[in-house]
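As structure tokens, the structure follows; a few thoughts come after it.
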Protein chains: 2
Amino acid sequence: MVGMISRVESAAATRRALVDAAAELLDEGGPSAVTLREVGARAGVSRGAPYKHFADKESLLSAVAIEAWERNIAGQRALRADAALAPVDRLRAALTALIAVGRQQPHLFQQMFTIPSGDPAAVARVAQRSQDEFLAMVAAVVGERDARRYGALLLAGAHGVTAMEVSGHLSTDKWRVTAEELVTHLVELVATTAPAAEPAT
Amino acid sequence: MVGMISRVESAAATRRALVDAAAELLDEGGPSAVTLREVGARAGVSRGAPYKHFADKESLLSAVAIEAWERNIAGQRALRADAALAPVDRLRAALTALIAVGRQQPHLFQQMFTIPSGDPAAVARVAQRSQDEFLAMVAAVVGERDARRYGALLLAGAHGVTAMEVSGHLSTDKWRVTAEELVTHLVELVATTAPAAEPAT
DNA sequence: TCGTTCGGGTGACAACGTCATCTGAAACTC
DNA sequence: GAGTTTCAGATGACGTTGTCACCCGAACGA
């Protein structure tokens with residue numbers, strides 16, 4: 001029958017609700033606000049239920065970070081598919097998107113770059129895929145040969161400025177520059193310095 | 001009598017021991033390993049003693065971060081006083097020092113850039129002083145006029161690459177570049193692109 | 001139809017952050 | 001120097017949290 005839910009479907013739905021609830025609590029009050037009891041409550045299950053889907057609290061938070069990385073990947077794919085954008089604009093848009101996450105969901109941003117203690121490979125793997133996507137965008141601007149070198153520069157710069165703003169260390173009074181301006185500046189710097197520019201994919 | 005300890009001296013010594021113990025535990029096992037009970041034990045006092053010196057656990061961790069920033073400031077001052085170094089070398093050394101902290105004390109590095117929830121201004125203030133020091137070093141290379149713009153770029157880049165390495169997102173297989181190489185590259189990029197270079201202080 | 005599997009609920013426990021309260025000695029007042 | 005105040009530290013206690021062992025019931029496979 002249509003709409004009938006099997007056991008695996010129900011379990012998957014619960015897992016979804018758990019991750020969503022955890023992400024919500026993380027946004028609202030940081031990692032310490034993510035209690036398994038409250039997560040269970042918001043997901044409509046009991047306090048022990050999360051343990052049927054995640055090894056421990058940190059695995060749950062890792063799942064939240066992993067989904068954020070996957071959204072990041074999807075966003076970059078969409079940018080690459082947008083034919084209306086010049087390669088250098090795609091680059092800038094991708095980095096600006098990272099800044100936007102930091103601005104709108106600072107705790108999530110920090111979680112994405114937290115030292116993993118459980119399974120280090122889990123978050124790292126999906127982050128690597130995001131970087132692959134980004135590398136392709138860089139290659140379209142500076143060429144395949146120097147993509148890695150400049151890609152690391154761009155990504156580090158964007159992440160660095162966002163992290164500084166998130167943690168309150170980027171006083172615009174002092175630096176007289178916004179995160180977006182800095183990224184734009186950095187992209188221009190790379191685009192003009194880089195040896196060769198190739199046509200977009 | 002020499003060696004006699006007054007009450008305030010004893011209290012200051014306890015505070016020192018508490019911060020040291022917290023820093024030690026942070027290095028060993030991350031923020032979750034810093035329990036007030038263990039901190040008290042290592043400092044030779046009881047579990048409730050820290051509350052005579054810090055409002056709560058987070059204030060204690062903030063104190064650890066603040067001391068790390070102060071060491072950073074002292075290091076930068078030493079670099080600026082070293083007449084044997086060219087201005088651009090001082091810059092690179094300062095950024096490399098930041099990377100070294102991330103490598104050797106990853107949890108401390110994260111703590112230095114954590115979103116503060118208690119007194120946001122406390123950590124931010126000392127971080128600002130570190131940036132003032134850094135700004136002066138940048139000005140010696142690219143001139144006063146563009147120091148802010150390029151300073152933010154350099155600092156963000158160094159912090160970004162360190163954070164990526166700390167969180168395991170900087171696969172050297174993929175990027176074929178170490179954090180130091182990237183910083184060196186960035187410094188050269190700025191030094192050659194910047195409009196004017198002025199003599200060192 | 002009969003086990004099996006497995007998501008979910010519940011009781012329980014240790015550890016933790018935090019506070020109210022007590023204590024004793026140093027510091028201050030006269 | 002006696003009395004008073006101040007304050008670092010110890011301790012008992014409480015609520016909360018992460019975690020696990022155990023139980024239950026419904027969906028699934030044979």
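Chain letters run A, B, ... following the sequence lines, proteins first, then strands; residues in each count from 1.
Non-hydrogen atoms lying under 4.0 Å from DNA chain C are contributed by B:V34, B:T35, B:L36, B:R37, B:R47, all within residues 30-49 of chain B.
Rounded to an integer number of Å, the gap from B:L18 CG to D:dA8 C1' is 11 Å. A:K57 places its NZ atom 9 Å from the P atom of D:dT17, with the value rounded to the nearest Å. Rounded to an integer number of Å, the gap from CZ of B:F54 to P of C:dC19 is 16 Å. The distance between atom OH of B:Y51 and atom C1' of C:dC19, rounded to the nearest whole Å, is 8 Å.
Residues in residues 92-101 of chain A take part in these salt bridge (Lys or Arg N to Asp or Glu O under 4.0 Å) pairs, two or more places apart or across chains: A:D89-A:R92. Applying the side chain to side chain donor-acceptor pair (under 3.5 Å) test to pairs two or more places apart or on separate chains, those with a residue in residues 110-127 of chain A are A:E58-A:S117.
Between B:E133 and B:R129 there is no salt bridge, since no side-chain N of the basic residue sits under 4.0 Å from a carboxylate O of the acidic one.
For the pair A:R90 (side chain) and A:D82 (backbone), a donor-acceptor distance under 3.5 Å is present. B:E181 places a side-chain N or O within donor-acceptor distance of the main-chain N or O of B:T178, the cut-off being under 3.5 Å.
Here B:H53 reaches the OP1 or OP2 of D:dG9: one of its side-chain N or O atoms lies under 4.0 Å away.
Base engagement by A:K52 is indicated by at least one non-hydrogen atom pair under 4.0 Å involving a base atom.
Taking 4.5 Å as the limit, every side-chain heavy atom of A:V166 sits out of range of all side-chain heavy atoms of B:F113.
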